[in-house]
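Keep in mind it's a predicted model, so treat the numbers as computed, not measured. Heavy-atom basis, side chains included; hydrogens, waters and symmetry copies ignored. Throughout, numbering of the chain's residues begins at 1 and tracks the sequence.
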Amino acid sequence: MAGNSQRRNRRTSNKKGATVGSGGKRRRGLEGRGPTPPAEMRKKHKKNRIANAKAKQAARKPVARRGGKGQSELVVGRNSVYEALRDGVPATTLYVQQFIDNDERVRDALSLAQERGGIHLMEAPRPELDRMTNGLNHQGMVLQVPAYEYAHPEDLAAAAFDVGEQPLIVALDGITDPRNLGAVVRSVAAFGGHGVVVPERRAAGMTAGAWKTSAGAAARTPVARASNLTRALEAYQKAGLTIVGLAADGEHKVGDLEALEGPVVIVVGSEGKGLSRLVGETCDYLVRIPMPGGAESLNAGVAAGVVLYEAARRRG
């Protein structure tokens with residue numbers, strides 16, 4: 001009994017053991033932590049993300065990536081063939097009908113093909129040209145345009161970082177008119193951009209029409225093709241780029257957006273539908289172009305040109 005009482009008293013005792021000291025931790029906690037590190041060294045800061053992306057890019061071994069090939073194309077008709085040759089549309093073969101009437105447009109087209117070089121001249125009977133063109137009115141002249149070699153979306157940013165520049169890229173969402181694509185390519189080249197990204201499906205590609213509208217800019221401005229545009233934009237974000245989408249109801253005015261000074265992807269939607277839902281949700285910013293004249297929307301080429309100009313102005 002006595003032993004049980006002693007054990008119970010020990011369990012219910014309020015006596016505390018030895019108190020452990022702070023060991024100086026409290027005093028050290030009051031000491032300063034030194035000067036604030038620069039933005040590039042602070043985690044979760046945008047400049048830190050950009051710096052890390054550049055470091056990874058510098059350490060990355062160059063890998064040849066391609067976005068695949070488009071489809072070869074035929075340009076038919078004397079005027080169309082002449083204009084394609086004049087405007088620098090790539091071509092491999094010019095087919096000319098046997099015993100064709102040698103008018104001025106035919107002579108000019110043949111002269112341009114010979115001056116450019118690298119274009120094979122082939123004479124073919126009319127039935128063969130009819131078969132090639134599925135009965136279109138070819139007027140005795142058919143130009144073979146090779147399949148376009150698309151870049152990979154990652155290559156556009158990599159090329160900019162490699163030369164010490166902030167990437168300036170335009171992505172097109174739902175643009176189906178090749179002439180709009182050509183106009184955007186021309187604007188990107190004019191304002192020092194690094195390329196254009198288009199979706200692989202349900203979108204305009206680099207056809208002869210896009211080449212002509214680009215007025216030669218397609219020869220020096222790469223176009224990349226993405227199997228999934230949303231995932232391509234997310235990959236750009238991980239690489240340190242800011243995604244800026246154009247929207248009529250955007251929260252920010254394009255002239256107020258400082259993000260255009262850094263690495264950026266400008267996303268342009270179709271004139272009627274604008275950005276798709278998933279693409280819009282992926283954007284870091286949605287911006288609008290103020291239009292005092294009251295126009296409801298701008299076509300893709302004009303809208304991209306306005307934002308590219310603002311980006312170039314801020315960077316200059």
Do [Y] and [X] meet the salt-bridge criterion of a basic N to acidic O distance under 4.0 Å?
X      : Y      : answer
Asp108 : Arg86  : no
Asp177 : Arg179 : yes
Lys238 : Glu234 : no
Glu261 : Arg315 : no
Glu310 : Arg313 : yes

Can a donor-acceptor pair be found, under 3.5 Å and without considering hydrogens, that links the side chain of [X] to the backbone of [Y]?
X      : Y      : answer
Ser214 : Trp211 : yes
Asp87  : Val89  : no
His194 : Leu168 : yes
Asp101 : Asp103 : no
Glu73  : Ala208 : yes
Arg288 : Leu246 : no
Thr282 : Leu278 : yes
Arg225 : Arg201 : no

Exercise for the section: Please examine the side chains of Val198 and Val223, heavy atoms only from C-beta on, and report whether any two atoms are closer than 4.5 Å. Expected result: yes

Handout entry: Side-chain heavy atoms of Val142 within contact of Val96, under 4.5 Å
Key = no

Exercise for the section: Kindly determine whether Ile243 and Val267 satisfy side chain to side chain contact (heavy atoms under 4.5 Å, CB included), including the steps that lead there. Expected result: CA-CA 7 Å; Ile243 312 301; Val267 189; 3.7 Å; yes

Which atoms form the tightest heavy-atom contact between [X] and [Y], and what is the distance?
X      : Y      : answer
Ala151 : Leu156 : CB-CD2, 4.3 Å
Val197 : Pro153 : CG1-CG, 4.4 Å
Met206 : Tyr150 : N-OH, 2.9 Å

Problem - CZ (Arg186) with more than 12 external heavy atoms under 6.0 Å - result: no

Exercise for the section: Decide whether Met132 and Leu143 are clustered together by the hydrophobic rule: side chain heavy atoms of Ile, Leu, Val, Met, Phe, Trp, Tyr closer than 4.5 Å, transitively. Expected result: no

Exercise for the section: State yes or no: do Val106 and Tyr82 share one hydrophobic cluster built from I, L, V, M, F, W and Y residues joined by side-chain heavy-atom distances below 4.5 Å, directly or via other members? Expected result: yes

Exercise for the section: Calculate, to the nearest 0.5 Å, the distance between atoms NE2 and CG belonging to His252 and Asp284 respectively. Expected result: 10.0 Å

Practice task
Determine, stepwise, if the pair Ser276 / Asp173 fulfils side-chain hydrogen bond (donor to acceptor under 3.5 Å, both in side chains).
Solution key: CA-CA 7 Å; Ser276 61; Asp173 179 26; 3.0 Å; yes

In residues 117-131, what donor-acceptor pairs under 3.5 Å come from side-chain atoms, sequence neighbours left out?
from	atom 1	to	atom 2	distance (Å)
Arg126	NH1	Gln97	OE1	3.3
Glu128	OE1	Arg131	NE	3.4
Glu128	OE2	Arg131	NH2	2.6
Asp130	OD1	His138	NE2	2.7

